[in-house]
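Order of appearance sets the numbers: ligands from 1, and atoms from 1 within every ligand. Note that the structure is predicted; figures quoted are calculated from it, not measured.
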Amino acid sequence: MKIRVFDNRHDAGIYVAAVAESVIEAKVQPVLGLATGASPISFYDALVNLHRCGLDLSNVVTINLDEYIGLSIEHEQSYHCFMRQNLFDHTNLRSENTYLPNGMADDLAFACEQYDEVIRRHPIDLQILGIGVNGHIGFNEPDDLLLSKTHIVRLRQETVESNARFFEHIDDVPKEAITVGVQAILQADQIVLMAFGAQKADIIAKAVLGSVRTDVPASILQLHRHVTLVLDRESASKLPMAF
Ligand code: F6R
């Protein structure tokens with residue numbers, strides 16, 4: 001596992017965008033697995049900037065990790081909306097090449113199956129991840145077992161509380177989501193996990209230094225051969241390394 005510790009999110013985002021650029025330029029139809037939330041925003045800013053500087057994204061396929069159940073794609077806290085605002089609307093990504101789970105599907109189980117089919121057809125070259133304060137990746141929450149396929153998940157109370165910062169009221173935070181399973185994440189060729197701030201320090205230390213355990217889902221990344229953790233000094237502060 002490679003660890004890079006930056007002074008700030010801005011510099012970290014530029015680094016991740018450079019990683020993405022090298023993946024994009026190496027493939028005819030590169031596939032990026034994408035996350036939402038606060039952590040990848042500096043990456044999206046830098047990628048949009050690279051696009052303005054000439055990086056063509058018209059052949060790039062994007063596959064997002066998750067979406068809330070019950071929020072329309074127009075809802076400002078839906079992950080569809082997040083992706084439009086932070087990336088899609090500012091690049092030449094083609095809408096037919098961008099995939100997010102359908103949290104409004106009548107048949108959610110079928111929507112999950114179809115999403116796995118999308119991932120099967122488009123193996124992920126670079127997976128971008130954030131990490132929940134409880135160690136979740138995507139919305140694979142701590143549990144007795146981790147599911148390999150795309151599935152419906154009931155969000156843990158700590159996730160609802162953490163995501164309440166994006167909503168007017170905690171009761172507005174959806175309690176369920178669709179998430180890809182750990183198989184889609186682990187089958188990515190390369191993974192970059194972004195985590196910033198002191199509130200992520202404990203879970204980063206557990207995920208990196210502790211045993212691989214289903215109650216710390218991110219610890220499963222120890223099993224992947226090409227993972228880079230992109231941190232700031234605060235989130236890296238519990239790692240016993242001299243930076
Ligand atoms: C979002 C996702 C989540 C977030 C995680 C961290 O698509 O899959 O795992 O990455 O909850 O969120 P932030 O970055 O807001 O701290």
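- For the pair Glu74 and Arg84, the salt-bridge criterion is met [side-chain N within less than 4.0 Å of a carboxylate O].
- Using a 4.0 Å cut-off to heavy atoms of Gly138, the atoms of ligand 1 that qualify are 2 (C), 3 (C), 8 (O), 9 (O).
- Summary of contacts: the protein heavy atom closest to atom 5 (C) of ligand 1 is His136 NE2, 3.4 Å.
- Remark: the Tyr115 side chain and the Tyr99 side chain contain no N/O donor-acceptor pair separated by less than 3.5 Å.
- Checked against a 3.5 angstrom limit, the closest N/O atoms of Ala38 and ligand 1 fall inside it.
- Under 4.0 angstrom from ligand 1, there are no non-hydrogen atoms of Asn64.
- Side-chain contact between Leu231 and Leu239: present, with at least one pair of heavy atoms (C-beta onward) separated by less than 4.5 Å.
- Counting only heavy atoms from C-beta outward, the side chains of Val19 and Gln190 approach each other to under 4.5 Å.
- Of the possible donor and acceptor atoms, none in the side chain of Glu176 sits under 3.5 Å from a partner among the backbone N and O of Leu155.
- In this model, a donor atom of one side chain and an acceptor atom of the other lie less than 3.5 Å apart for Asn134 and Glu158.
- A 4.5 Å side-chain heavy-atom check between Phe82 and Gln85 finds every atom pair outside the cut-off.
- Considering both main-chain and side-chain atoms, Thr36 comes within under 3.5 Å of ligand 1 through a nitrogen or oxygen pair.
- Heavy-atom separations between Lys200 and ligand 1 include at least one value shorter than 4.0 Å.
- Of the protein's heavy atoms, Arg165 NH2, 4.1 Å lies nearest to atom 12 (O) of ligand 1.
- Counting the atoms of ligand 1 from 1 in the order shown, those under 4.0 Å from a heavy atom of Leu65 are 8 (O).
- Nearest protein heavy-atom neighbour of atom 14 (O) of ligand 1: Ser39 OG, 2.5 Å.
- Asp66 OD2, 3.3 Å is the protein heavy atom nearest to atom 2 (C) of ligand 1.
- Atom 10 (O) of ligand 1 has as its closest protein heavy atom Gly130 CA, 3.3 Å.
- Between Asp125 and Lys27 there is a salt bridge, since at least one side-chain N of the basic residue sits less than 4.0 Å from a carboxylate O of the acidic one.
- With hydrogens left out, the protein atom closest to atom 6 (C) of ligand 1 is Ile131 O, 3.3 Å, a heavy atom.
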